[in-house]
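This is a predicted model, so every value here is computed, not measured. Lettering of chains follows the sequences in order, A, B, ..., and the numbering in each one begins at 1.
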Protein chains: 2
Amino acid sequence: MKRNSKLSSTLHILVHMAEKPEQALTSEQLATFIHTNPVVVRRTIAGLRDAGIVTSSRGHGGGWLLGRAPEKISLAEISVALGETLLPFSTEPESPGCLVEQAVITVLDDFRIAAERLLAEKLSRITLADLTADFRRRFDLIGVSSHAV
Amino acid sequence: MKRNSKLSSTLHILVHMAEKPEQALTSEQLATFIHTNPVVVRRTIAGLRDAGIVTSSRGHGGGWLLGRAPEKISLAEISVALGETLLPFSTEPESPGCLVEQAVITVLDDFRIAAERLLAEKLSRITLADLTADFRRRFDLIGVSSHAV
DNA sequence: TAAATTGTAACTAACTAAGTTACATGAAAC
DNA sequence: GTTTCATGTAACTTAGTTAGTTACAATTTA
């Protein structure tokens, strides 16, 4: 798994899970989808479990399942559950007492708040079902869903 | 200078420059504002020079000046000139041939394009002059612009 | 009881970005 | 013209972050 690809890797995993709704997939299986190892998968999607987006079960026959229907899982929820901010620029004070810095931080934070609201709104309109529908269109056209490479 | 604070540090520098429009400030002076060293400053704002936002001159009495009036410098231009993307999540393929991944990347890239347009639009409405005006309001109230810490 | 699976802590490796050193280049002052 | 002051930039070092790995306890089913 490459850097900064947590969101896309997680979506990749979730679409595969949505395609096998009745079958619990192991961390091992999920790991092969995104070319990493099982522990990284568990760590990455642990937050999704806490958010009810997926469920996990231990022991023989255990693994991961979607927590609810793909239509009810939005990219906004997934993004939040991953604990990553979409806008990672920092506005932490480095020169306490400098009024110039205070002015800069205020303006930048106002922008960030407005921007985050906008992005969340856009992401909340896209669901996992939209992704699976897009996948199926491609599959019906080409007919292969490989992980050979 | 902390990580991910290039944008806020650069704005900090630019407002100070806007407050001394007739005086070329050296990298050394700019560096003290953001608690780093002159080479980091030159490297960071080199892109702003290429974009005409600032000018630099060498030799005795040299240093940095704004390239045009603060009213004509938008945060959108500054952000672009810094060469940083506001939305750094990756959508590079890791499993070429996997239709699931292709569907995910397509949706995510569409989102990114729309989001970047939105953010650029918002940032283009904020100018360096807005920041200096905000600073002056604070200064008139409190009357100190320290870099003691 | 054995096998399969997650949960998680602790450690290692790879990558990124800031910080630093060094020095060539250019401009002004004298 | 030589000295001084400044930027430009390459090369290296350091620090911080994140993915990857190992190890093992806890849990579940056959």
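- Among the atoms of the strands shown, only primed sugar atoms or phosphate atoms (P, OP1, OP2) are found under 4.0 Å from some heavy atom of Gly62(A).
- When the nearest nucleotides of DNA chain D are assigned to Met1(A) and Ser56(B) by heavy-atom distance, the more 5′-ward of the two goes with Ser56(B).
- Remark: P of dT7(D) and CG of Asp50(B) are 16 Å apart, rounded to the nearest angstrom.
- Regarding contacts with the backbone of dT5(C), every side-chain N or O of Thr26(A) stays at 4.0 angstrom or more from both OP1 and OP2.
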**Report entry** Evaluation steps, side chain to side chain contact (heavy atoms under 4.5 Å, CB included), between Glu101(A) and Ile34(B)
**Finding:** CA-CA 9 Å; Glu101(A) 183 179 76; Ile34(B) 59 172; over 6 Å; no
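- For the pair Arg3(A) and dC15(C), the criterion of a side-chain N or O lying under 4.0 Å from OP1 or OP2 is not met.
- For the OP1/OP2 pair of dT20(C) and a distance below 4.0 Å, the side-chain nitrogens and oxygens of Asn37(B) include at least one atom meeting the criterion.
- Considering only side-chain atoms of Val40(A), the nucleotide from dT6(C), dA19(D), dA9(C) that sits closest is dA19(D).
- Considering only the side chain of Val39(A), dT21(D) comes nearest among dA10(D), dT21(D), dA18(C).
- You'll find a donor-acceptor pair under 3.5 Å spanning the side chain of Arg58(B) and the base of dT25(C), going by distance alone.
- The base of dG7(C) lies outside donor-acceptor range of the side chain of Arg49(A), with no N or O pair under 3.5 Å.
- Of the options Ile13(B), Val80(B), Leu82(B), Leu66(B), a side-chain contact (heavy atoms from CB on, under 4.5 Å) to Leu48(B) is made by Leu82(B) and by none of the others.
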Report the C-alpha distance between Glu94(B) and Lys2(A) in whole Å, list the side-chain angles of each, state the deciding distance to 0.1 Å, and finish with yes or no for salt bridge (charged side-chain N to carboxylate O under 4.0 Å, His left out).
-> CA-CA 8 Å; Glu94(B) 300 181 54; Lys2(A) 292 206 185 94; 5.2 Å; no
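- Nearest-nucleotide mapping onto DNA chain D: of Ser57(A) and Gly63(B), the residue sitting toward the 5' end is Gly63(B).
- Screening Leu14(A), Leu75(A), Ile73(A) for a side-chain contact (heavy atoms from CB on, under 4.5 Å) with Leu131(A), the sole residue that qualifies is Leu75(A).
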